[in-house]
Every structure is written in structure tokens, then in C-alpha cells.
> 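The structure's right below; bear with me while I get my questions together.
Sequence positions, counted from 1, serve as the residue numbers for this chain.
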Amino acid sequence: MRRLSKTLRTAVLASTLGAACISSHGEAQTLPPLQTVSVYGQQIRFLEAGTGGPDLVLLHGLGSSATMDWGKVIPELSRHYHVIAMDQLGFGASEKPLIAYGIQTWVDMLDGFLKARHITHFMLAGESLGGWIAGLYTIEAAQNSSMAMPLRLVLSDAAGHKSLVEHGLPLFGPVSFSGIRTGLRWLFYNKALITDELVQATFRTRLAEGAQYTQESFARNANAPDTFLDDSMKAIHVPTLVIWGQNDQVIPLADGHDFAAKIPGAHLTVIPQSGHAPSIERPEAFLKAVEPFLAAK
């Protein structure tokens with residue numbers, strides 16, 4: 001599979017990943033209202049669903065939100081788990097301070113969020129950028145007893161390889177209908193999902209959310225060598241499931257194979273006929289892979 005050009009890959013991640021999840025078919029998702037918790041003085045918004053079962057923490061990708069990345073799978077997951085999905089600092093409805101954003105920023109905020117919510121025994125899943133954050137958090141938790149260690153880890157089309165950003169991510173271009181439509185074509189395998197309604201909904205979300213600064217700041221700070229996962233994956237010793245869209249044109253399937261090969265005992269599940277975000281494009285197949293893994297003893 002050919003790798004996206006540096007500019008186009010970043011445009012896809014920043015301009016379409018989030019708003020595409022409003023719904024690839026345009027229908028509204030039935031989800032609980034967002035709640036708020038203060039983490040290091042910043043107001044972090046999060047979804048909480050389900051009362052029984054273990055805690056399951058979900059991390060969204062770049063330019064996205066809890067509702068956008070996970071809205072299609074939260075209702076089913078909440079039947080068996082206590083699901084907590086946060087809008088990460090700088091994204092969604094959470095506060096967006098004008099700081100230098102980097103992976104370590106979000107790892108530290110995740111640790112603070114877990115402490116603020118008194119979450120100590122949990123499973124952790126991350127999509128794209130969220131997978132990078134989840135992986136680095138798990139590695140650091142193995143070295144820091146004050147950080148709660150996830151019981152299980154799910155990495156879905158995760159970023160984190162140096163090759164993805166080794167030449168530096170470019171700054172993000174203007175939001176436009178044409179740019180969004182192009183990005184969606186790279187995001188989805190099933191091009192029939194790309195309707196005028198979805199493009200317009202994505203455009204409205206991009207105008208309203210105010211996350212452009214976050215994304216541009218991250219582009220300037222993404223190349224911190226101590227945050228890449230390439231040589232650190234062997235430090236992950238919790239049961240790990242790697243999920244990848246077979247037709248991912250944003251982060252190549254080869255990266256998924258590398259995660260599965262380097263994380264001890266990890267298993268790779270490839271979702272056919274899916275692009276970069278199986279939880280959006282093929283939620284039933286995503287759940288079929290994730291639920292047995294989470295339920296395993």
C-alpha cells in the first residue's frame with residue numbers, strides 16, 4: 001500500500017477524522033450528555049455510559065472527539081462495560097489552552113484524568129493518535145508506580161512510529177468543502193459514505209470546534225524522539241489487541257504488523273473493507289474483534 005504524501009496525510013488526520021464520526025450515514029447517535037471534570041485546572045469533557053462491568057477508557061484521534069470516534073460503538077460496549085470516553089485537551093468540547101501540544105501533554109493529561117476520576121482498574125483503547133497516547137501511557141506506567149496500569153490495551157490504526165512524522169508534520173491548510181471531501185476519500189474505503197450531508201456536517205464541526213491551533217501546535221512538536229513507540233513497544237506487557245483497517249491509506253497496515261510483532265503476545269486483527277477508522281466505517285466488525293478480547297480471562 002502506498003503511503004500518503006506528508007501534506008495530504010496530515011490534512012486527512014486533521015480535517016476529517018473527527019467530523020466523519022458524527023455518523024457516516026448522517027444519523028444522530030444516542031449517547032449520554034457530556035460531563036465535566038477539572039484536570040490540572042482545565043475543564044475536560046467526557047462521556048460516561050454503562051454502570052456494570054470493568055472500566056473501559058477510550059481515547060480519540062487527532063482532530064476528533066469522544067463522540068466522533070467512538071459514538072457508533074459506545075452503546076454496545078456500555079452493555080458490558082463502564083465506558084469513559086474523554087474529549088482530550090485541545091479537542092472536542094474540552095478546553096483548548098494556547099500551549100505547545102505534544103504526545104507527552106496528552107499522556108500527562110490522561111494520567112491526571114484517571115486520578116481525578118479515581119480510575120485504577122481499567123482497560124484502555126486508543127484510535128490513531130489516541131493509540132499513540134495509549135501505548136506511551138502504558139509504557140510509562142510500567143516505569144512509574146504512581147500511574148495506574150491498564151489491564152488490557154487496544155490499539156486501533158495507531159500512530160506512534162517515527163516514520164509517520166520523521167520529516168516533520170506540515171501546518172494544516174484552510175478548512176474547505178473540497179479539502180474535506182478529498183480527505184474523506186482517503187479516510188474511508190467505502191466511498192458511498194461520502195455524502196454532501198457528511199461533508200457539510202464536517203465543515204460545520206470544523207468551524208465550531210476551534211481545534212485548529214491544537215493541531216498546528218502538535219505539528220510543530222510531534223517529532224520528540226522520546227515519545228515514539230518503535231523501540232519501546234517491548235515494554236508493553238499487558239494483553240494487547242492491534243486492530244487495523246485493511247485498506248488504511250493514512251497509516252499503513254505495515255505499522256500494525258510491526259505493533260503486533262514487537263509487543264509481547266500481541267494479536268493483530270485486520271478488518272477487511274475498512275479504511276483508517278474501523279470503529280466508524282465498520283463498527284460491527286470492530287466490535288466482533290474487540291468484545292471477545294476484552295471479555296477474555
> Using atom types as modelled and distance alone, determine if a side-chain donor or acceptor of Arg282 lies under 3.5 Å from a backbone N or O of Pro272.
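Flag set: sc Arg282 to bb Pro272 pair under 3.5 Å.
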
> Give the minimum heavy-atom separation between Gly135 and Leu155, together with the two atoms involved.
N-CD2, 4.2 Å

> My understanding is that only residues two or more places apart in sequence, or in another chain, count here; which of them pass ring-ring contact (aromatic ring centres under 6.0 Å, His included) with Trp106?
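Result, ring-ring contact (aromatic ring centres under 6.0 Å, His included) vs Trp106: Phe91, Tyr101, Phe218.
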
> For His161, enumerate each residue passing the ring-ring contact (aromatic ring centres under 6.0 Å, His included) test, keeping only those at least two apart in sequence or located in another chain.
Phe259

> Shortest non-hydrogen contact from Pro278 to Asp157?
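In terms of heavy atoms, the two residues are closest at CD-OD1, 3.1 Å.
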
> Would you give the length of the straight line joining atom NZ of Lys288 to atom CD1 of Ile271, rounded to the nearest 0.5 angstrom?
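Rounded to the nearest 0.5 Å, the NZ-CD1 separation comes to 9.5 Å.
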
> Taking it one step at a time, do Val199 and Thr202 satisfy side chain to side chain contact (heavy atoms under 4.5 Å, CB included)?
CA-CA 5 Å; Val199 171; Thr202 302; 5.7 Å; no

> To the nearest 0.5 angstrom, please state how far the CG atom of Asp69 sits from the CG atom of Leu62.
10.0 Å

> Tell me, do Leu110 and Met86 make a side-chain contact under 4.5 Å, heavy atoms counted?
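A side-chain contact exists here, since the closest heavy-atom pair is under 4.5 Å.
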
> Run the ring-ring contact (aromatic ring centres under 6.0 Å, His included) test against Phe177 and tell me which residues pass, sequence neighbours left out.
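Counting only residues at least two positions away or on another chain, Phe177 forms a ring-ring contact (aromatic ring centres under 6.0 Å, His included) with Phe203.
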
> With no hydrogens and no angle check, is any side-chain donor or acceptor of Ser128 less than 3.5 Å from a backbone partner on Gly61?
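Not a single qualifying donor-acceptor pair exists.
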
> Do Tyr81 and Met123 have side chains that get closer than 4.5 Å, going by heavy atoms?
yes

> Quick one: do Leu47 and Val83 satisfy side chain to side chain contact (heavy atoms under 4.5 Å, CB included)? Show the steps, please.
CA-CA 8 Å; Leu47 289 169; Val83 178; over 6 Å; no

> The criterion is ring-ring contact (aromatic ring centres under 6.0 Å, His included); which residues satisfy it with Tyr137, sequence neighbours excluded?
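For Tyr137 there are no ring-ring contact (aromatic ring centres under 6.0 Å, His included) partners, ignoring immediate neighbours.
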
> From Asn247 CG over to His276 NE2, what is the distance, rounded to the nearest 0.5 angstrom?
13.5 Å

> Measuring only between side-chain heavy atoms, which start at C-beta, is Lys162 closer than 4.5 Å to Pro225?
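Of all side-chain heavy-atom pairs linking Pro225 with Lys162, none is under 4.5 Å.
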
> What distance separates Ser156 OG from Leu59 CG, expressed to the nearest 0.5 Å?
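Going from OG on Ser156 over to CG on Leu59, the span is 11.5 Å.
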
> Could you tell me whether the side chain of Glu281 and the main chain of Phe188 form a donor-acceptor pair under 3.5 Å?
no

> Main chain of His257, side chain of Trp244: is a donor-acceptor contact present, judged purely on distance under 3.5 Å?
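Side chain of Trp244 to backbone of His257, a donor-acceptor pair under 3.5 Å: no, none is there.
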
> Using a 3.5 Å distance criterion without hydrogens, assess whether the side chain of Arg152 forms a donor-acceptor pair with backbone atoms of Phe293.
yes

> Would you check if the side chain of Asn144 reaches a backbone N or O of Glu140 as a donor-acceptor pair within less than 3.5 Å?
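Looks like no, no N/O pair under 3.5 Å.
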
> Keeping Ser94 on the side-chain end and Asp87 on the backbone end, is there a donor-acceptor pair under 3.5 Å?
yes

> So Ile103 and Leu129, do their side chains get closer than 4.5 Å, heavy atoms only?
yes

> Taking atom CD1 of Ile236 and atom NZ of Lys262, what is their separation to the nearest 0.5 Å?
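Rounded to the nearest 0.5 Å, the CD1-NZ separation comes to 11.5 Å.
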
> So, the side chain of Tyr213 versus the backbone of Ile99: is there a donor-acceptor pair under 3.5 Å, distance only?
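The answer is yes, because a donor-acceptor pair under 3.5 Å joins these two groups.
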
> Indicate the atoms forming the closest heavy-atom contact of Asn221 with Ala100, along with that distance.
ND2-CB, 3.8 Å

> Does the side chain of Ser279 reach to within under 4.5 Å of the side chain of Lys72, using non-hydrogen atoms?
no

> Take Leu253 and Asp248, measure what side chain to side chain contact (heavy atoms under 4.5 Å, CB included) needs, and give me the verdict at the end.
CA-CA 7 Å; Leu253 179 55; Asp248 190 337; 6.0 Å; no

> Using side chain to side chain donor-acceptor pair (under 3.5 Å) as the criterion, point out the one residue from His82, His118, His121 that pairs with Asp55.
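Running side chain to side chain donor-acceptor pair (under 3.5 Å) over His82, His118, His121 with Asp55 returns exactly one hit, His82.
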
> Write out all pairs satisfying salt bridge (Lys or Arg N to Asp or Glu O under 4.0 Å) with one or both partners inside residues 110-126, taking only residues at least two apart or from two chains.
Glu48-Arg117, Asp111-Lys115

> Does a side-chain heavy-atom distance below 4.5 Å link Leu287 with Leu77?
yes

> Testing the basics here: between Val39 and Gly112, what is the closest heavy-atom pair and its distance to 0.1 Å?
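Heavy atoms only, the tightest pair is CG1-C, 3.7 Å.
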
> Rounded to the nearest 0.5 Å, what's the gap from NE2 on His267 to CD1 on Ile243? Could you check?
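Result: 9.0 Å between the selected atoms.
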
> Applying salt bridge (Lys or Arg N to Asp or Glu O under 4.0 Å), name anything that partners Arg79, two or more places apart in sequence or on another chain.
Glu76

> Over all heavy atoms of both residues, which pair between Val238 and Thr138 is shortest? Give the atoms and the distance, please.
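So the minimum-distance heavy-atom pair works out to CG2-CG2, 4.1 Å.
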
> Is the side chain of Gln88 donor-acceptor paired with the backbone N or O of His60 at a distance under 3.5 Å, no angle test?
yes

> Side chains of Val154 and Leu294: does their closest heavy-atom pair fall under 4.5 Å?
yes

> When you look at Leu136 and Gln104, which way does the side chain to side chain contact (heavy atoms under 4.5 Å, CB included) test go after all the steps?
CA-CA 8 Å; Leu136 186 59; Gln104 193 63 54; 3.9 Å; yes

> Output yes when a side-chain donor or acceptor of Lys191 lies under 3.5 Å from a complementary backbone atom of Tyr189, and no otherwise.
yes

> Taking the side chain as everything from C-beta on, heavy atoms only, tell me whether Trp70 gets closer than 4.5 Å to Val73.
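Yes, at least one pair of side-chain atoms sits under 4.5 Å.
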
> Nearest heavy-atom pair of Ala148 and Ala141: which atoms, and what distance?
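So the minimum-distance heavy-atom pair works out to O-CB, 4.0 Å.
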
